[in-house]
Protein chains: 2
Amino acid sequence: MSAGDRDDGPRTLKTVTMASRVIDAVRERGGVGVSELATQLEVSKSTAYIHLKTLEENGLLVQRDDRYELAFEFSVLGESARNRSPLYRYGKPKVDELADETGQYTHIVTEENGRGINLYQVKGETGVDGDYQSAKLQQRDHLHYTASGKAILASLPRDRVAEIVDRHGLPAQTANTITDRETLFDELETIRDRGYAYNDEEEIEGFCAIGVPVRNPDDDVLGSLSVSAPAQFMRDEQARERLSERVMRSANVIEVNINMSS
Amino acid sequence: MSAGDRDDGPRTLKTVTMASRVIDAVRERGGVGVSELATQLEVSKSTAYIHLKTLEENGLLVQRDDRYELAFEFSVLGESARNRSPLYRYGKPKVDELADETGQYTHIVTEENGRGINLYQVKGETGVDGDYQSAKLQQRDHLHYTASGKAILASLPRDRVAEIVDRHGLPAQTANTITDRETLFDELETIRDRGYAYNDEEEIEGFCAIGVPVRNPDDDVLGSLSVSAPAQFMRDEQARERLSERVMRSANVIEVNINMSS
DNA sequence: TAGTTCGTTCGAAATAGTCGAACGACCGAA
DNA sequence: TTCGGTCGTTCGACTATTTCGAACGAACTA
């Protein structure tokens, strides 16, 4: 084995980690062949082969057109994971409602391992078309350049935020992305005071968003509710004010519904 | 090892198969502890432990309240899997539309390994509330007792259907479920003639549904589009006729859109 | 037809997984 | 408080498993 064998923390099963890398490679490339995977993961063809076959036997991959792709089984597992989240269960109807009323893209985001995960989103009537919808839902995002992410960060203890920034950094996405640690902490302060996070074209040029945290009775943050709209729309102070009030109200209703259920 | 070591067909990685069983157990129980998993899978505590830890390290499980649960990562992978399906991409807007117009539950289903997978569904205005929605989306269903499933089976070659029936059987779900092989083949014939499948309370008592296959230019079936409604509603011949025409029309539009894209 | 590339199979070398015992932490009962 | 039970966790040793590379036929290209 190569020199730099890093300690993965606890003892782990290398074969399982390898399988996980296989799954990741299949997702990234949208399907792989045996030789291709062997090259990408730097293992022998026979190893790549047996991994793919094993995952296929277990229903996690399927062969389509001579390539191995992710099985729909993942969509079953994904639904299972989502549905355990009260934020998803109680938030989904509110997202539908908000998207309907505002006509804009509306999302629910939660945090996992320091990244934002888009649990659900709806494109409202006036929402711009394109690959935006499917692209976002497939993606784990950094938390510092989205309104949803910043809303979550603002509700997390300071040292947790520091930990996340250490781990994932603050890469720029547009010219407006916050890439400085101190600026970020100041921004989070502002968000706490104001009650909502504002994304000023920090992720996508021409797009702004408003994000509001959703908390449980113990004040742990479960995630956030957000609405994004063209910069043009958001530049109108009044519209923005109205919209933020609206999102805060919905987030609050979600919180109440979650609290009543437990 | 125990006596009955069956040949899994091709050579496979036992550690990966074990990991897959772990994931399945976690899903089934909605979260597990170390000892609990060890008992369920009949392995030592230390083995259960290292498997859970490895999957956690790889972002596939998370610890919540002293239990290991499925990570939202699965929801990312699931979206990825779904979005590769043209049936999903082109069918989703039509499902939304149909649910809106009919006010009933509307779904898109596809087949994988002889089972039906619910790719997307929407509860229309008049759709009954309850756990039905989330329950269905989490589930792989047998194909023989749903309208969507029968529509798919009717579009598959006869020997493929036989294979599926051999593998998964024809378990009864209600008194109306088709449990006899010959009856099923006759029904599939009827479906082909009629152009749509009808579920007459075969899955859930009080619920009927209409399912229509969606095929690609090569005449392979990609899945089906279906609408379910209370038995009361469906007993009205005229309503049923109108609805089936409507579903067939939408399915056809989906087909056309898919074909134009390739 | 010769030269690639692909996926697939196999035996043997080398690595990695499993077990069971043992520990400290935690919880509830006595 | 103290005891017995359970929990998750760690470790070394035995053993089973994974990995590799070579070799094959099929499919495709030149």
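None of the values given here were measured: they were computed from a predicted structure. The sequence lines fix the lettering, A, B, ..., with proteins before strands; numbering per chain opens at 1.
- Between A/Asp65 atom CG and C/dC6 atom C1' the separation is 16 Å, expressed in whole Å.
- Dashed line: the shortest gap from a side-chain N or O of B/Thr47 to OP1 or OP2 of C/dC19 is under 4.0 Å.
- Rounded to whole angstrom, the span from the CD atom of A/Glu42 across to the P atom of D/dG21 amounts to 13 Å.
- Side chains of B/Ser226 and B/Ser148: a donor-acceptor N/O pair is present below 3.5 angstrom, by distance only.
- A donor-acceptor contact under 3.5 angstrom links the side chains of A/Ser44 and A/Thr47, judged on distance only.
- Among the heavy atoms of the strands lying under 4.0 Å from A/Ser44 is at least one base atom, whether or not backbone atoms are also near.
- Note on A/His51: a side-chain N or O is less than 4.0 Å away from OP1 or OP2 of D/dT19.
- As a whole-Å value, the separation of B/Asp66 CG from C/dA25 P is 16 Å.
- Across the protein-nucleic acid pair, B/Ile50 atom CD1 and C/dA16 atom P stand 12 Å apart, rounded to whole Å.
- Side-chain nitrogen and oxygen atoms of B/Ser46 include none within less than 4.0 Å of the OP1 or OP2 phosphate oxygen of D/dT10.
- One donor-acceptor pair, N or O on each side, does fall under 3.5 Å between the base of C/dG7 and the side chain of A/Lys45.
- Put simply, the side chain of B/Arg11 and the base of C/dG11 share a donor and an acceptor less than 3.5 Å apart.
- If you measure from atom CZ of B/Arg67 to atom P of D/dC7, you get 11 Å, rounded to the nearest angstrom.
- Comparing atom distances between the B/Tyr49 side chain and each of D/dT18, C/dT8, D/dT10 picks out D/dT10 as nearest.
- Neither side chain, B/Lys150 nor B/Tyr145, offers a donor N or O lying under 3.5 Å from an acceptor on the other.
- Here C/dT8 presents its P atom at 12 Å from CD of A/Glu57, a figure rounded to the nearest Å.
- Figure legend: cation-pi geometry between B/Arg82 and B/Tyr120 absent, as NZ or CZ is not positioned both under 6.0 Å from the six-membered ring centre and within 45° of its axis.
- Atom C1' of nucleotide C/dT18 and atom CE of B/Met18 are separated by 10 Å, given to the nearest angstrom.
- For B/Leu13, the listed nucleotide lying nearest its side chain is D/dT18; candidates were D/dT9, C/dG7, D/dT18.
- Atom C1' of nucleotide D/dT19 and atom CG of A/Leu41 are separated by 14 Å, given to the nearest angstrom.
- Between A/Glu69 and the choices A/Arg29, A/Arg64, A/Arg27, the side chain to side chain donor-acceptor pair (under 3.5 Å) rule is met once, by A/Arg64.
- With distances taken from any side-chain atom of B/Lys53 to the nucleotides C/dC6, D/dT9, C/dT18, the minimum falls on D/dT9.
- In the set D/dG12, D/dT17, D/dG8, D/dT17 carries the atom at the smallest distance from any side-chain atom of B/Thr15.
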